[in-house]
Amino acid sequence: METRVNEVVGEVLRDDSLLDEGLVTLTLSNPTKLNAISVAMWRALRGHVQALDEDSRVRAIVVRGAQGNFAAGADIEEFPVERGSYDTLRRYHGEIIGPTLDALARCRHPSVALIEGVCVGGGMEIATHCDLRIAAQGARFGVPINKLGFPMAPGELRGVLALAGRAATLEILLEGRVFGASEAREKGLLTRVVDDEALEEAGYTCARRIAAGAPLAAQLNKWLIARLAPPVPPLSEAEWQRAFSYWDSHDHREGVAAFLEKRPPDFRGR
């Protein structure tokens, strides 16, 4: 059974066909844009994850993309409206994307990202907030938002930093380079890499191993590992304002405009 959400600006499909095995699949689908994630999709993903968190039949969640790609990041065509002022920018990252990623990370059921094709920007953020990540050899990764004139938001940075560490995260964000699955595995971003044609089997074999274990043990393992991780003090209001201080800069406006107009950006450092 598939539940479709917002077919106009992309959708998130929930597939319960393997629920008798304890498995549910969530598919990011916006194939004409390489599954770029619209606001409606962020909200739909959060809604699905929160519903699954309450469902005791679920033992593992598989997150994947439609038609050969995971996700090409956020839908930049929405930026002029959804991120057009400081208040909307703060709301976009703090009330839409951040809480969605947090819901995925905090869900009591383990999650497996099944990754093929493009997995960049917001797509990589979703993958890094899953518990395990199985990728095809041909998958591509990166966070090239330096070409858009803005940094990664605090609630989105947490997942990448937790996996890759300070040095690799700085490299990923400062260079903005897109790289392959083997390098992503070396950076700690992936659980394992398999041949492209073996991805489906490898991903669901992983999910079935999880489902075959004791669900309470899995849930407690997730909780204990999160509890024992080094605590990060919450950002102050002044720190949130600094994180989004770029909102009215020339480079931010220019980066988004250049992407939408399909031309090189003219960054000026202000």
Side-chain angles (χ1 to χ4, degrees), residues 1-19 21-55 57-58 60-83 88 91-107 109-131 133-136 139-141 143 153 155-156 159 199-200 203-204 207 259-260:
M1 177 182 69
E2 290 187 345
T3 303
R4 293 179 176 268
V5 179
N6 203 324
E7 296 186 359
V8 177
V9 287
E11 53 191 341
V12 178
L13 306 179
R14 171 175 165 172
D15 184 350
D16 288 354
S17 61
L18 298 177
L19 189 55
E21 300 181 59
L23 306 182
V24 172
T25 301
L26 298 179
T27 302
L28 309 169
S29 181
N30 194 2
T32 62
K33 296 183 178 181
L34 302 177
N35 302 327
I37 312 157
S38 65
V39 167
M41 291 171 68
W42 286 112
R43 288 176 171 148
L45 179 60
R46 182 183 180 188
H48 281 312
V49 170
Q50 289 175 329
L52 292 173
D53 192 32
E54 300 296 324
D55 193 335
R57 299 171 299 170
V58 179
I61 302 166
V62 175
V63 182
R64 64 185 307 180
Q67 297 188 23
N69 288 292
F70 191 77
D75 188 345
I76 298 170
E77 289 187 3
E78 293 186 332
F79 280 15
V81 172
E82 298 293 347
R83 300 169 76 261
T88 56
R91 184 163 54 249
Y92 180 81
H93 290 284
E95 298 179 19
I96 297 173
I97 298 181
T100 299
L101 297 174
D102 191 55
L104 184 58
R106 292 178 180 272
C107 180
H109 307 302
S111 54
V112 179
L114 193 157
I115 305 167
E116 59 184 331
V118 174
C119 180
V120 300
M124 200 171 92
E125 292 167 5
I126 290 172
T128 58
H129 282 78
C130 290
D131 297 307
R133 288 151 297 281
I134 313 296
R140 305 290 288 170
F141 300 84
V143 188
E156 298 153 49
L199 178 64
E200 183 105 6
Y204 281 94
F259 178 90
L260 296 176

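Excluded from the calculations below are hydrogen atoms, water molecules and symmetry mates; all remaining heavy atoms, backbone and side chain alike, are included.
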| Looking at OH of Tyr204 and CG of Leu18, how far apart are the two atoms once the value is rounded to the nearest 0.5 Å? | 6.5 Å
| query | If you round to the nearest 0.5 Å, how far is CG of Leu101 from NE2 of His129? | reply | 4.5 Å
| field | From SG (Cys107) to CG (Asp53), nearest 0.5 Å | value | 4.0 Å
| said: Could you measure the distance from the CD atom of Glu156 to the CE atom of Met124? Nearest 0.5 Å is fine. | reply: 11.5 Å
| request: Taking the six-membered ring for Trp and the single ring otherwise, decide whether the centroids of Tyr92 and Phe79 are under 6.0 Å apart. | output: yes
| query | Does the side chain of Leu28 reach to within under 4.5 Å of the side chain of Met41, using non-hydrogen atoms? | reply | yes
| Trp42 vs Val12 side-chain heavy atoms within contact, under 4.5 Å | no
| field | Heavy-atom closest contact (Ala135 atom, Phe141 atom, distance) | value | CB-CZ, 3.9 Å
| Where do Ala207 and Ala60 come nearest, in terms of heavy atoms and distance? | O-CB, 3.9 Å
| So does Glu82 pair up with Arg91, basic N to acidic O under 4.0 Å? | no
| request: Take Leu104 and Ile126 through the side-chain contact (heavy atoms from CB on, under 4.5 Å) test and state the conclusion after the steps. | output: CA-CA 8 Å; Leu104 184 58; Ile126 290 172; 4.0 Å; yes
| remark: Interatomic distance, OG1@Thr27 vs CG@Leu114, rounded to 0.5 Å, equals 9.0 Å
| request: Please examine the side chains of Thr100 and Arg43, heavy atoms only from C-beta on, and report whether any two atoms are closer than 4.5 Å. | output: no
| Between Arg64 and Glu200, does at least one N-O distance fall below 4.0 Å, as a salt bridge requires? | yes
| Full working for side-chain contact (heavy atoms from CB on, under 4.5 Å) between Leu23 and Val62 | CA-CA 7 Å; Leu23 306 182; Val62 175; 5.5 Å; no
| query | Are any non-hydrogen side-chain atoms of Leu19 and Val58 less than 4.5 angstrom apart? | reply | yes
| Min side-chain heavy-atom separation Leu45-Ile37 under 4.5 Å | no
| task | State whether the side chain of Asp75 and the backbone N or O of Glu77 hold a donor-acceptor pair below 3.5 Å, judged by distance alone. | result | yes
| task | Taking the side chain as every heavy atom from C-beta outward, state whether Val39 and Ile96 have any atom pair closer than 4.5 Å. | result | yes
| note | When every non-hydrogen atom of Arg133 is compared with those of Ala127, the smallest separation belongs to CD-O, 3.1 Å
| message | Please give me the minimum heavy-atom distance between Thr128 and Glu125, naming the atom from each residue. | response | OG1-O, 3.0 Å
| Should Arg83 and Glu78 be marked as a salt bridge (Lys or Arg N to Asp or Glu O under 4.0 Å) after you check the CA-CA gap, both sets of side-chain angles, and the distance that decides it? | CA-CA 8 Å; Arg83 300 169 76 261; Glu78 293 186 332; over 6 Å; no
| query | Mind checking whether Cys130 and Val112 have side chains closer than 4.5 Å, heavy atoms only? | reply | no
| said: Between His109 and Ile61 (side chain of the first, backbone of the second, donor and acceptor by atom type, cut-off under 3.5 Å), is there such a pair? | reply: no
| task | Taking all non-hydrogen atoms of both residues into account, name the closest pair between Gly65 and Glu116 and its distance. | result | O-OE2, 4.5 Å
| field | Spacing of NE2 belonging to His93 relative to OG1 belonging to Thr88, to within rounding of 0.5 Å | value | 9.5 Å
| said: I'd like to know if the side chain of Asn35 reaches the main chain of Asn30, judged simply by a donor and an acceptor atom lying under 3.5 Å from each other, with no hydrogens or angles considered. | reply: yes
| message | Can you confirm whether Leu34 sits close enough to Val120 that some side-chain heavy atom of one is under 4.5 Å from a side-chain heavy atom of the other? | response | no
